[in-house]
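Shown next, in structure tokens, is the structure this report addresses.
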Amino acid sequence: MSLTEAYLSLSAIMFGIGTLGVLLRKNTIVIFMCIELMLNAVNLSFVTLSREYGQVDGQVYVFFVMAVAAAEASVGLAIIMTVFRNFYSIETEDVHDLQG
Amino acid sequence: MSEFTVFAAMPFILLLSVGFGMLCWDLFFKCDRLVWLLAAVFGAWGFAIPQYFVAETTMNDLVYLDGYSLFFYTLILFGTAATFVLNHRYLAKQNVRTSSDIDMLILLAACGGMVMVSAANLIVLFIGFELLSVSVYVLCGSARKERASSEGALKYFLFGAFSSAFLLYGMAMVYGACGTLSIPEIAESVTSATPMLLLGIGLLVFGFGFKVSLVPFHVWSPDVYQGAPVSITGFMAVVVKVAAFGSFLRVMSVCFGSIQADWAALLWTISIITMTVGNIVALRQTSIKRMLAYSSIAHAGYALIGFISMGDAGGVEATLFYMLSYSLMTVASFGAVIVVTSGSEAQYENDSIDSLHGLGWSHPFISLVLTVSLFSLAGIPPLAGFVGKFYLFKSAVTAGYTGLAIIAALNSVVSLYYYLRVVVVLYFKGERTLDWAPEKSIGAGPTIALATATVGTLAFGLFAEYCYPFIVVAVNGFS
Amino acid sequence: MSPIELQMQGSYLLPLLVVSPFFGIALLTLVPEKRDSLARNVSLFSSLLSFAISLVLLKQYDATTSAFQFGFDAPWLDTFGASFTFGIDGISLWLIVLTTFLTTLVLFASPSIHEKKRAYLSCLLLLEVGMLGTFVALDGLSFYLFWELMLVPMYFLIGIWGGSRKIYAALKFVLYTAFGSLLMLVAMVYLAWTHNQQFGSYSFFLGDWMRLALSDGQELSLYAAFALAFAIKIPLFPLHTWLPDAHVEAPTGGSVILAGVLLKMGLYGLIRFGVPVFPNAVVETAWVLGFLGVVGIVYGALVAWVQTDIKKLVAYSSVSHLGFCVLGFAAMNLQGLQGSVLQMINHGVSTAALFFIVGVLYDRKHTREISNYGGVVSVMPKFAFVYLVFTLSSIGLPLTNGFVGEFLILLGAFKFDWVLAAFAVSGVVLGAMYMLSLYRRVMFGPIDEDKNGDLSDLNLREGIVFAPLLVLVFVIGLFPQTILSDLEPASKKTIEYITPSKRASAAVDKGDTTSSPETLQTVDAKKNPRGLNS
Amino acid sequence: MNNLPTTSAVVEQALEIEKMGIFAIPLLPLIGAIFLGASLGQSKDRHWQSGWVATIFSAGSFVASLLIFSELIEGASSVRFTAWEWMSVGSFSVAFALTMDNLSGVMTLVVTGVGSLIHLYAIGYMDHDDSRPRFFCYLNLFLFSMLLLVLGENLLMMFIGWEGVGLCSYLLIGFWYKEMPNANAGQKAFVVNRIGDAGLLLGIFILFWQLGSLNFTDIQANVGLMPPYLIEAAAILLFIGAVGKSAQIPLFVWLPDAMAGPTPVSALIHAATMVTAGVYMVTRLSMLYLSAPNTLLVISVIGTCTAFVAATIALVQNDIKKVLAYSTVSQLGYMFMALGAGAFSNGIYHVVTHAFFKACLFMGAGSVIVGCHHEQDMRKFGGLRKPMKWTFLTYAFATYAIAGLPYGSGFFSKDSILWSVYSNPGSAAGIDVAGMPLSHVLWGFGLLTAFLTAFYMTRSLVLTFFGEYRGHHEAHESPWTMTLPLIILAVPSLIFGILFGETLIQFIAPWGRADMLVGHAKLAENHTYHLLELVSMGVAVLGVSLAAFVYLVKPQIASQTAKSAPKLYAFLSDKWRIDELYAAVIIRPLTGISNIAFRIIDRLFIDGTVNGTGFFVAANGELARRAHSGRIAGYMLFMVFGLIASLLFWILL
């Protein structure tokens, strides 16, 4: 297994772990952290591929993803706060007024 | 950077600068913002028009400045303008803060949508995508005191972030398979379907499918549509969906058009499932917002027909026209719902279809607008919705997917039922007996917006022929 | 080039005719809300205008040629070959006259509607647009446009001014019809595409569709899609169950138009599109239509017999009568076809009148239960006479219009298949049975003074509504030739589509089955199979 | 062409005359009807005029018929006129045209002549009725229809009249519509007639299909071109029409019920004219029927059965009009016996004489009914010969005629029928029934019927006019408008046979079978004929005397006989229970089927499928709706599994 493949596999495993985390955890903040993990897994792929192809594109992309993730984190936490104010909980199973 | 490049960036610059300017607006001014907002939107459109006459991509191959972009700009900007006009009067009644940051977010979202549809690079596309998404997450939750609004925002945020991770991973796969992030270069490098590429496409479909709410990635949308303030729901149904479709379609046709045969089956299946699920679930809805949400899911399914039959069969053109007619009908239907439900003190409780009871006789104009748009959504000729469906059916049959056209036709029959049920409530149950009613006078702005959308629905049905050449040119730009 | 001839006389009569009701709708929006009689006069004026235009058509119509006349062509979706191509032959001409005539009558009779007057009148006028458009369209997609357009006002007419189960009835009507017509739309698109395959451009023009070389399977399945839409509209057994509900719930005016004109659309579609485009499929499946028609005749009559609601009875009688029309069509000979079209017009006159009659009773007593009536003739002698005449017309008594149509249909059907005709003739007996039984139960017997003693006889307005219909019953009964001679060229042409096309397809079959368009054209040129004015 | 019998009609050179005036014959009554109809709203004190108007128009029609008829006397073979092309579709073309030839001429005279008298009579009969204008309007309308039937040049013109008389019959039977039974009877008459009409229509279709024309002359001339089985089919189908209209088995049930109408109607429509239309039609198409031997056989048998069955029922009826009604059915049966034997002219002969005496009888009965204050039960009459002298005399003359007593008009016509049945050379002769040719068996039944006829007619005469008056109100003679027509009709009832029988038969001979011409002159040398004549004469005398003895001298015999065989008596007075049979075999099953069709097929099955489809879709929608539970975790799983599933599906595809 080449180094590239190893990194890509690691990335895939991280992505998988992140996905599983999203699926299995109930706390919205933890879920959000898992999503961050997924994003970082993708970042790892990008960096790996960028190195493989000898370009900077992928690495540039990673910066953007990180910036976006930061933005998402701030917005996300704010939303979680409003949810907490309305529901007094940030567990996903408590938030299901809307359904059907 | 040539001078023209700056000029070409003007739409974005304008929207962003007015948007950020709005942040400070409340500090300095007390007068009405609407005029300035509309000026920004139409100014952006005005700056965008010249792009049509330049058949080259600019800004270092990052953004397409072609007819296709212009077409979607037009839809996005007009949708945004309609949102502003309709919001102006009613946001306060929807428990939404009326400060200028809402306007800023809308402008940013519109800008993000425009970036998305004109992106010539997956990085740019992602930035547009996120600009749009993040703004709309906030907009969804803008009625902070409403449980539903915050729940909608949470769901939208979690699912949005989740699916953008998949989108990103899909892009990484594509990058891995093609070695480039530039859309034209990807198009050149894609000749055959490698497993990595196909997996990438699959993940991209997830990401975009989330945004345009294709089954099974649609689960968030009914809840979010219902939870968000109704003005924002309208904005999402029009601008977000159209922008997502615009970039989805460009990616699928420009990047992966050459291996269409490999992914057509996937989208064929998703298309059928989407329209069927959207329609049959809409049958059982009592909330008008939720019903329209499912209806928009079903329409996403129809629009997907154009993806499957792209190329000589004219699927792309058909989808474009469908987006046009869909925007008009949706502006009209959501506009009417905004006007109606905002009349209620507790609009979150009064979004049921039954709350429209007898409006046909007490509020003829709104009801007419709603009726025409619903008939158009149902595909009754000669309205735009019919012509849109006709183009889709035509491209499906031409591409050899007659069965798909038949299933879509049967779905239209199902959809007719729930659209007509609204008309039943509007007209067939006698005079209004509820103890609240929307205002009699809805103001000039909303009237003009609704009337324009309604007349447009009719006009683009009867005179679609005069619009079609533009669409053809728009599509020729990238093929 | 095109196998049908469309005489373009630079005439704008047809588009004028189609849009003329819009004139009334536009005026109606200007009428103040409470001015009901003004609204009625405005709409009446508009419909009289349409009627006048149709009379001009009638006068200028050239009965010596089978060509489509008063041709008009305007683009709609030209890129894909759809346009507003209008033209009429004798068959559509008379149905147009019937449409404008009945609409005028219905508008004249509108004072019996008291609520939402302007909306009611607008719906009727919009309905008229749809009906007229359907009868003049020679282009598949514009035909479809008007076809679907009719649904909308009819939906409102039933839904707003209908009876107790109006919502169910209205939705059932629309969904039933839309189910068929959407499949027809797909079939139309398929035809247009096939034209693109064979001739290089999309087209929805009837004449272009006739040139298509379709394989047997294609022809049959496309025809099935068309026929399904048409059969629902006719309505053919067993697709008829929307009709009784729609009729019972619809207001009088809606029922009159529904029975008088809308039910003709299906057969008209079969004649206009079914036969020319799918001649082989029509011939091959004629027995199916004929059989279902006969079943409809007997079944409709039997079911009508056991109804307790007057309107439902008349509705089922329509199923029976339309069964006759279908049978005449299926016979596909001159007598059957002309009889069928004539019977469509007759049914438009007599059944429309019967619905007016039900309306007269309903306006007075607000019930449609037969058992609530009885002995009405004692208090309403004029009404009794009028009712009797239309009953007789409906059961096809000679010298009334109903006989001529029924006789020609049966004559044609007998040539086609004597067994079917023999069963169909039973409709003559059953028709008398249920119609007279209805008349007897409503009109004869002792009168219950408390319940019905104060029913007033026809008033002037109602008299004016019935008078022209009465005259028509006898005029058509005595001088059917006025109409028949107008129908003849068009009917002959329709029959000719069928006869030689079998030869043409046989020639194609013998040769290369996947023959290219060029080969087909040579076959065309040699044999001139459609045989007409090419 | 096979060896079809030839008739003189084909051989003779036809001299056709075009005369527009022929249209005056039916048009005059039509004008009268329209005039009366238009004046329905006028005040009651002017009602008396309506009867006179109607009578004048029908008399005018009679005069017009005489004028046209005179052309025939002067040697024209026919007078005809085409008004316009009625319908013309492809090869099918029918003209609105009337023709009078010998056959229709005779019928026209009978219809207008007897019709006018009955109009006159009705003036008196309907004197106190509130709806006289309506009555006379219908009566004139009937005359119009009947004349179209008779004069029509083609089958379709005849069919107009055929259905038109049915309509008038319907209207007049239900004239007193406030009584539901009357309305029911009218409807029954119409519907039963329509059954026949359906057959008639099919027959018309066969003829047009084969011959391409519906003109009587064309049919008569070209019938040989048709294949024999189709000739039979057409003939039998047309005959079904005649069975309906002329009240033969099995469609005779409507006629007795039709007595619910006013008595002049019974006289005009249900005795003298309309019910003989079937005979007329068969005679019109004599060539067709002569080429259809099997059909003729069927006609013979049905005619005989009808004659016999109806006569037996008439024996036990107590309603005077019912007796006459069954008598009419029975006499119609006689006419069909003649037709079945191919003796068409004899059939018509009987039509004419029957028109006289039966109209006279009915009107006499009507006179009695009016005189006894609308009582119809013969058990409440008796001894009326004194208060109602003229009525008695005319009734007695007519009874003499119908009973077949020597040298009355009925004697000649009935006798010629019996002879033609006996000597029928057609297929009936070839069939062996218990060692005898069928023709002789039929003759035997005919003879038996003649006996029964004499018996029950005498019974009615005796019960009504002899003995003691058993009613409550005092009886009185009717006004002159009623008695005058009686007298005028009684005369030909008695003497028509002697004076004009021979002429009539010769006059319409072209429609008969050449070898079947029955006339005294021709048969003077035939011993069998004389023998049979004597036998039937004897039978008639026997019947009359027996009835006179039983009802005049020993009335108890009748009641004892009735008691000794109660089941037979009940069976007969219930009209062989044919109405009940129809109810059980046709009406009830049909109602059942209709209800099944409506409730099970329509509502349950078809609508069930339609609504079920909707329900199915909606139910799936509901399931799918429930799946949208609003739980974030569930949604996440759904999305991921959706992705995996679609990817798998895609890969596997």
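Please read these numbers as outputs of a predicted model, since none were measured by experiment. So that the names make sense, note that chain A is the first sequence line, chain B the second, and so on, each numbered from 1.
The aromatic rings of D:Phe598 and C:Tyr316 lie perpendicular to each other, with more than 60° between the two planes, well past the 30° mark. Aromatic ring orientation, C:Phe407 versus D:Phe205: tilted (interplanar angle from 30° to 60°).
Smallest separation of non-hydrogen atoms from D:Ile160 and C:Leu399: CG2-CG, 3.4 Å. Smallest separation of non-hydrogen atoms from D:Val610 and C:Tyr176: CG2-OH, 3.2 Å. Smallest separation of non-hydrogen atoms from C:Phe403 and D:Met87: CE2-CE, 4.2 Å. Taking each heavy atom of D:Ser88 and C:Glu488 in turn, the nearest pair found is O-OE1, 3.8 Å. Residue D:Thr591 comes nearest to C:Val306 through the heavy atom pair O-CG1, 4.2 Å, listed as atom of the first residue, atom of the second, then distance.
When D:Ile204, D:Asn182, D:Leu167 are compared by the number of non-hydrogen pairs under 4.5 Å with chain C, D:Leu167 comes out ahead. Between chain C and the residues D:Thr609, D:Asp197, D:Asn611, D:Ile593, the largest count of heavy-atom pairs under 4.5 Å involves D:Asn611.
A side-chain donor-acceptor contact under 3.5 Å links C:Tyr299 to the backbone of D:Ala597.
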- Might you work through the side-chain contact (heavy atoms from CB on, under 4.5 Å) test for D:Asp607 and C:Asp245, ending with a clear yes or no? CA-CA 11 Å; D:Asp607 253 12; C:Asp245 286 314; 3.9 Å; yes
- Message: Apply side-chain contact (heavy atoms from CB on, under 4.5 Å) to residues D:Ile606 and C:Phe237 and explain how you reach the verdict.
- Response: CA-CA 10 Å; D:Ile606 301 177; C:Phe237 177 90; 4.1 Å; yes
